[in-house]
Amino acid sequence: MYRTHNCGELRLTDAGKTVTLSGWIQRIRDLGGLLFIDLRDRYGVTQLFINPEQHNALYQQAKAYGREFVIQVIGKVSERSSRNPNMVTGDIEVIASDINLLNASITPPFTIEDDTDGGDDLRMQYRYLDIRRDPVRKNLLARHQVARAVREYMDGKGFVDVETPFLIKSTPEGARDFVVPSRLNEGQFYALPQSPQTFKQLLMVAGMDRYYQIVRCFRDEDLRADRQPEFTQIDCEMAFVDQEDVLNMFEGMVKHVFKSVRGINLSDFPRMSYADALKYYGNDKPDLRFGMQLIEITEIVKGRNFKVFDDAEYTAAIVAENCSEYTRKHLDELTEFVKRPQIGAGGLVYIRCATDGTYKSSVDKFYTQDDLKNIAAHCACKPGDLILILSGKQHKTRKAMSELRLEMGNRLGLRRKEDYKPLWVLDFPLLEWDEDDKRWNAMHHPFTSWKPEDESLMTDNPGAVRANAYDVVINGVELASGSIRIHNRAKQELMFRTIGLTDDEARYKFGFILNAFEYGAPPHGGIAFGFDRFCSIVTANLDYIRDFIAFPKNNAGRDVMLDAPSDIDLRLKNDLGLK
RNA sequence: GGUCUGGUAGUUUAGUUGGUUAGAAUGCUGCCCUGUCACGGCGGAGGUCGUGGGUUCGAGUCCCAUCCAGACCGCCA
């Protein structure tokens, strides 16, 4: 038997017991006449004690050990003569009477400690050492807890976990597919699923009624801190439901997970239309942890010969409370921020609302004190506040304003880690114009149904059609996205035609689902959560998911531990008909 | 496809206007140390300054190219 206890469970009440522990050497403290070893496993750290006067051979043996050696120790639990209140096992130590070396270790390339000296690159290359560190291990355990809570809730609501295939057919819509060459069908390829979308709909046609799966998805697109080429979704679908049913069911799931994993009671999710999200936050995933809404002032700033505002399609302001004392340096920084190519604003106009009731702006040449007072009143700006104004094309300016708002939120400490502000964003447009391909594209996916009252717009104004689509957003992060689906062949064909697929193409690419819709497809809808994101938000409220994935890829899609992707054997290439 | 930041000891990094032997911390290592827990004290080893080219009397430092890493834009239904 390698161990009778783990390294995190012994307490003062165990004093006197003879125990066997196995684990890794975290650190050795040799005081000459005394030697301490911190022994670590997944569960914690326990101090071992060796007194050379009693066990000189053991002392000589242990002295030669180094960090990360794997040992088994037999000894007696006893109260420490000087306790350590910072450790849960700090009241006791194990007085070693025998130690077996199970495996030696070379010196690790970085320290296995909470605050490691290792850079990201090294940590990824030696991920198996990184996972020995407490913070990383905790994240993986948290991920397990989130998954467990999800399954608990879904099972309780009668959802059935059904597996769907990974080797499927490439489709033209959406992200770029990862493909797998077929040996038995030379020259042809499987695609890895971007999501099990069509399968879950077919399971509804099949009468499974309530389906879910925690499932890997694959998209061959460029990566970000919060995006991996393979990632995990909580994929869900229900039959005989309308939008309200889906919203209630999955709001319940998010609340259950927060309660179960963190003990946090989320209040009911507010709902906001896509149009309002853009109007008030410049963004379809608003961070509601702070106000600072966008205020449109396009018309009231016109007519003062300030050409930028006079010519602008859209001008908007945000009010930063108690920032009127911002220095020239601060304002220059903000100007630089919005003028960065990624944001792309032409410039930044400010109005300081001084505490004495006067106004100072960067456009004093064009605007009188009364003009500025009028703008301030429109923005409900108080003395001591600072108004920041951007101007230009509506879409681009809203986007820039959204970035500026988030930046100010960061600077003012308004995006507090401990706050959680979820919401539903509703009524997304069904379609968006693809400038490159000169055609309409499904905004969510081409199986999304539309508001019946907007159906007449499908032909004359497709961009105005609203979808039965919804997102869960928490703290400015899109956590989940779903829709009520089309379940009728004619409507599905109309959708395909609208996004530029000919009937022949539609039949070739999606014939299976069109056919299925003719065999009594029930009304259905669902949602899919980004599971990795969910974990990072619930446990740490971070917009960084790699720490929640055991073996993630780097920003070029490489696995630096395996050094994948790699070349393959020539013979394998031949078998696959590749050159 | 594009923009930006970085690459100096095992690791994390400092390095001024281009100028003597590239400095520190940590890790490693030797000796000392009987209650440590980031133990402590004294000593030691450890560097092709990512790579290639160029400018210069002289390059870690300036220029060009390239590789790697990270962040972002495009992209991601």
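Chain identifiers are assigned alphabetically (A, B, ...) following the order of the sequence lines, protein sequences preceding nucleic acid strands; residue numbering begins at 1 within each chain.
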For B:rC33, does OP1 or OP2 lie under 4.0 Å from any side-chain N or O of A:Lys63?
no
Separation of B:rU11 atom C1' from A:Ile106 atom CD1, nearest Å, is 14 Å
Evaluate the ring pair (Phe, Tyr, Trp, His ring centres under 6.0 Å) criterion for residues A:Tyr190 and A:Phe166: first the C-alpha distance (whole Å), next the side-chain angles of each, then the deciding distance (0.1 Å), finally the verdict.
CA-CA 9 Å; A:Tyr190 298 102; A:Phe166 280 173; over 10 Å; no
Using purine N1 to pyrimidine N3 plus N6-O4 or O6-N4 for Watson-Crick, or N1-O2 and O6-N3 for G-U wobble, each under 3.5 Å, what pairs with B:rC57?
B:rG19
Gap between atoms CG and C1', on A:Asp121 and B:rG70 respectively (whole Å):
10 Å
Comparing A:Phe49 and A:Pro446 on RNA chain B - which has the more 5′ nearest nucleotide
A:Phe49
Select one nucleotide: of B:rG27, B:rC73, B:rG35, the one nearest the side-chain heavy atoms of A:Gln47.
B:rG35
Looking at the side chain of A:Thr107, which of B:rG10, B:rG27, B:rU36 is the nearest nucleotide?
B:rG27
Between A:Arg80 and B:rU36, does any side-chain N or O lie under 4.0 Å from OP1 or OP2?
no
Compare the minimum distances between each of B:rG35, B:rA69, B:rC72 and the side chain of A:Ser82, then state the nucleotide with the smallest one.
B:rG35
Regarding A:Gly119, tell me which of base, sugar-phosphate or nothing describes its non-hydrogen contacts under 4.0 Å with the strands shown.
sugar-phosphate
Looking only at side-chain N and O atoms, does A:Arg29 come under 4.0 Å of OP1 or OP2 in B:rU36?
no
Confirm from the modelled atom types if A:Arg224 and B:rG70 form a donor-acceptor pair under 3.5 Å, side chain to base only.
no
Within 45° of the six-membered ring axis of A:Phe36 and under 6.0 Å from that ring's centre, is NZ or CZ of A:Lys63 located there?
no
What does B:rC42 pair with, Watson-Crick or G-U, if both distances are under 3.5 Å?
B:rG30
A:Asp177 CG - B:rC76 P separation (whole Å)
13 Å
Which is more 5' along RNA chain B, the nucleotide nearest A:Ala556 or the one nearest A:Arg67? Just name the residue.
A:Arg67
Using only heavy-atom distances, decide whether a donor-acceptor pair under 3.5 angstrom links the side-chain of A:Glu93 to the base of B:rG35.
yes
From the candidates B:rA71, B:rC73, B:rU11, the one with an atom nearest any side-chain atom of A:Leu122 is B:rU11
Would you indicate what A:Asn84 reaches in the nucleic acid, counting non-hydrogen atoms under 4.0 angstrom: base, sugar-phosphate, or nothing?
base
Is atom NZ of A:Lys76 surrounded by more than 12 heavy atoms (other residues, nucleotides or ligands) closer than 6.0 Å?
no
Nearest-angstrom distance from the residue atom CZ of A:Arg27 to C1' of B:rC39
10 Å
Opposite nucleotide pairing with B:rU5, Watson-Crick or G-U, both atom distances under 3.5 Å:
B:rA69
Report yes if some heavy atom in the side chain of A:Ile112 is under 4.5 Å from a heavy atom in the side chain of A:Glu68; otherwise report no.
yes
Can you identify which nucleotide, out of B:rC72, B:rG74, B:rC28, has its nearest atom closest to the A:Asp222 side chain?
B:rG74
Nearest of B:rC72, B:rU36, B:rA69 to any side-chain atom of A:Phe36?
B:rU36
Please state how far atom CG in A:Asp120 lies from atom P in B:rU5, giving the value in whole angstrom units.
20 Å
When rounded to the nearest 0.5 Å, the distance separating CZ of A:Arg216 from CD of A:Gln233 is 12.0 Å
B:rA69 P sits how many Å from A:Asp559 CG, rounded?
12 Å
Please check if atom NZ in A:Lys399 has more than 12 non-hydrogen atoms from other residues, nucleotides or ligands closer than 6.0 Å.
no
Determine the interplanar angle of the A:Tyr126 and A:Tyr128 rings, folded into 0 to 90°, and report it as parallel if under 30°, tilted if 30 to 60°, perpendicular if over 60°.
perpendicular
Who does B:rA25 pair with, Watson-Crick or G-U, both distances under 3.5 Å?
B:rU11
Under 5.5 Å between ring centres and under 30° between planes: true for A:Phe110 and the base of B:rG27?
no
Do A:Arg219 and B:rC75 have a side chain to base donor-acceptor pair shorter than 3.5 Å?
no
Winner on side-chain proximity to A:Met87, out of B:rA71, B:rC37, B:rG10, is B:rC37
Can you measure A:Arg558 atom CZ to B:rC67 atom P for me and round it to whole angstrom units?
13 Å
To the nearest Å, how far apart are A:Arg227 CZ and B:rC73 C1'?
10 Å
